[in-house]
Structures are given as structure tokens and as C-alpha cells.
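Everything below concerns the one structure shown next.
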Amino acid sequence: MAPSDSEQQLLRLRLVEEHVALENRHDLDGIMTTFGAAARYDDEPWDTHYVGRDGVRAFYSDLLHAMPDLQIDVQRRHASEATVVLEVIIRGRHLGSWRGLPPTGRLIQFPLCGIY
């Protein structure tokens, strides 16, 4: 028997929460388990799209190298039948090259809205 809509919504929310927990643990292999075979990460502010498991893995590898103390603090969760939206604060020290910018050693902190 297929899960009900409310059960499906709960499963989706749990997967997103697991994904964020793995990001906060800097577990690249674990993060990748939360993506399906058709993995995709869209970074809309930069108009950059990482398609496929290798592309998504490269994005996270670069991010975790640039901010090895990355921390994602969830502020709000919104869940619907098809989507989970997280409002978060991203924090970390810029200790590695990121998007062509050499490391500054400075604290980075910014709000982000993640749509899953």
C-alpha cells in the first residue's frame, strides 16, 4: 500500500532534516545519499546549476573545503504535499577558495531559503 499524502509529506520532511544534519556534520558521502539518481543542485543567486551526482558532489566538496566549519541553523520549516522549504542561516569561516575568491579567514553569515 502506498503511503498517504500526510505520510509522504512526513517522509519528505525527515529526509530534508537528515540532509541538513549531514551538512552540519560535513559528511559528504552522507549528504550524497539524500539525493536521488537524478541529483541536481540549483544555486539560483549565482545562476549556477549542478546536474548529476558528480556535479552535486563537486559543489558540496568545494563548499565544505571553503567553509570547513559550515553550520546551517534552521529558522523555519514549511512543508506541503510536494515541497519542503527551509529558511536557514548559513555560517562559517571562509578558509578555502570559493567561487574564485581566495580565503579571507572572515566569518560568513547569510540567510538562505532552500526549496526541496
Side-chain angles (χ1 to χ4, degrees):
M1 177 159 74
S4 69
D5 288 345
S6 61
E7 290 170 328
Q8 190 67 29
Q9 184 176 340
L10 182 59
L11 290 171
R12 187 176 296 108
L13 184 57
R14 284 184 184 153
L15 179 61
V16 170
E17 288 174 345
E18 176 186 355
H19 174 83
V20 173
L22 291 162
E23 288 174 321
N24 282 333
R25 287 198 305 261
H26 313 142
D27 180 348
L28 182 55
D29 289 334
I31 292 167
M32 293 308 300
T33 67
T34 66
F35 284 88
R40 180 180 180 106
Y41 186 97
D42 295 314
D43 193 349
E44 294 302 336
W46 291 88
D47 194 27
T48 306
H49 308 279
Y50 302 89
V51 179
R53 297 188 64 78
D54 290 341
V56 171
R57 185 178 198 82
F59 166 79
Y60 275 102
S61 180
D62 289 348
L63 175 64
L64 295 172
H65 172 75
M67 287 193 297
D69 62 345
L70 174 78
Q71 189 64 40
I72 301 169
D73 296 317
V74 177
Q75 305 295 298
R76 288 177 201 78
R77 292 171 180 80
H78 310 277
S80 71
E81 291 178 16
T83 306
V84 173
V85 177
L86 296 183
E87 295 177 55
V88 304
I89 302 292
I90 306 288
R91 292 182 180 89
R93 290 227 174 262
H94 182 209
L95 301 177
S97 181
W98 178 244
R99 299 181 187 266
L101 180 65
T104 64
R106 296 179 66 188
L107 177 65
I108 297 172
Q109 179 175 311
F110 58 93
L112 180 124
C113 179
I115 303 170
Y116 301 83

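Values below: all heavy atoms of this structure, side chains included; hydrogens, waters and symmetry mates excluded. All values reported here derive from a predicted model rather than from experimental measurement.
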Out of curiosity, [X] [atom1] to [Y] [atom2], how far, rounded to the nearest 0.5 Å?
X: Thr83; Y: Leu13; atom1: OG1; atom2: CG; value: 12.0 Å
X: Ser61; Y: Met32; atom1: OG; atom2: CE; value: 10.5 Å
X: Trp98; Y: Met67; atom1: CH2; atom2: CE; value: 7.0 Å
X: Asp43; Y: His49; atom1: CG; atom2: NE2; value: 8.5 Å
X: Leu28; Y: Arg57; atom1: CG; atom2: CZ; value: 4.0 Å
X: Leu101; Y: His94; atom1: CG; atom2: NE2; value: 4.5 Å

Got more than 12 heavy atoms from elsewhere within 6.0 Å of CD, Glu44?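 Atom CD in Glu44 is crowded, with more than 12 foreign heavy atoms closer than 6.0 Å.
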Is it the case that over 12 heavy atoms from other parts of the model lie below 6.0 angstrom from the CZ atom of Arg106?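 It does not: Arg106 CZ has 12 such atoms or fewer within range.
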Looking at every heavy atom in both [X] and [Y], which two are closest together, and how far apart are they?
X: Ala39; Y: Phe35; answer: CB-CB, 3.8 Å
X: Arg99; Y: Phe59; answer: NH2-CE1, 3.9 Å
X: Asn24; Y: Ile72; answer: OD1-N, 2.6 Å
X: Leu22; Y: Arg25; answer: CD2-NH2, 3.0 Å
X: Pro103; Y: Ser97; answer: CD-N, 3.8 Å

Taking [Y]'s backbone N and O only, do any of them form a donor-acceptor pair with [X]'s side chain (distance below 3.5 Å, no angle check)?
X: Glu18; Y: Thr34; result: no
X: Gln75; Y: Asp73; result: yes
X: Arg53; Y: Gly36; result: yes

Who else is in the cluster with Ile115 when I, L, V, M, F, W and Y are joined by side-chain contacts under 4.5 Å?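 Its cluster mates, by chain and number, are Val85.
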Membership question, hydrophobic clusters at under 4.5 Å side-chain separation (ILVMFWY): are [Y] and [X] in the same one?
X: Leu112; Y: Val20; answer: yes
X: Tyr60; Y: Val74; answer: yes
X: Leu63; Y: Phe110; answer: yes
X: Val56; Y: Tyr116; answer: yes
X: Leu107; Y: Leu95; answer: no

Measuring only between side-chain heavy atoms, which start at C-beta, is [X] closer than 4.5 Å to [Y]?
X: Tyr50; Y: Asp62; value: no
X: Ile31; Y: His19; value: yes
X: Arg77; Y: Val84; value: no

Intermediate values then yes/no, side-chain contact (heavy atoms from CB on, under 4.5 Å), Glu81 and Gln8: CA-CA 8 Å; Glu81 291 178 16; Gln8 190 67 29; over 6 Å; no
Could you go step by step and tell me if Leu70 and His26 meet the side-chain contact (heavy atoms from CB on, under 4.5 Å) rule? CA-CA 8 Å; Leu70 174 78; His26 313 142; 3.8 Å; yes
Given Ile90 and Ile108, is the side-chain contact (heavy atoms from CB on, under 4.5 Å) satisfied, shown in steps? CA-CA 8 Å; Ile90 306 288; Ile108 297 172; 5.8 Å; no
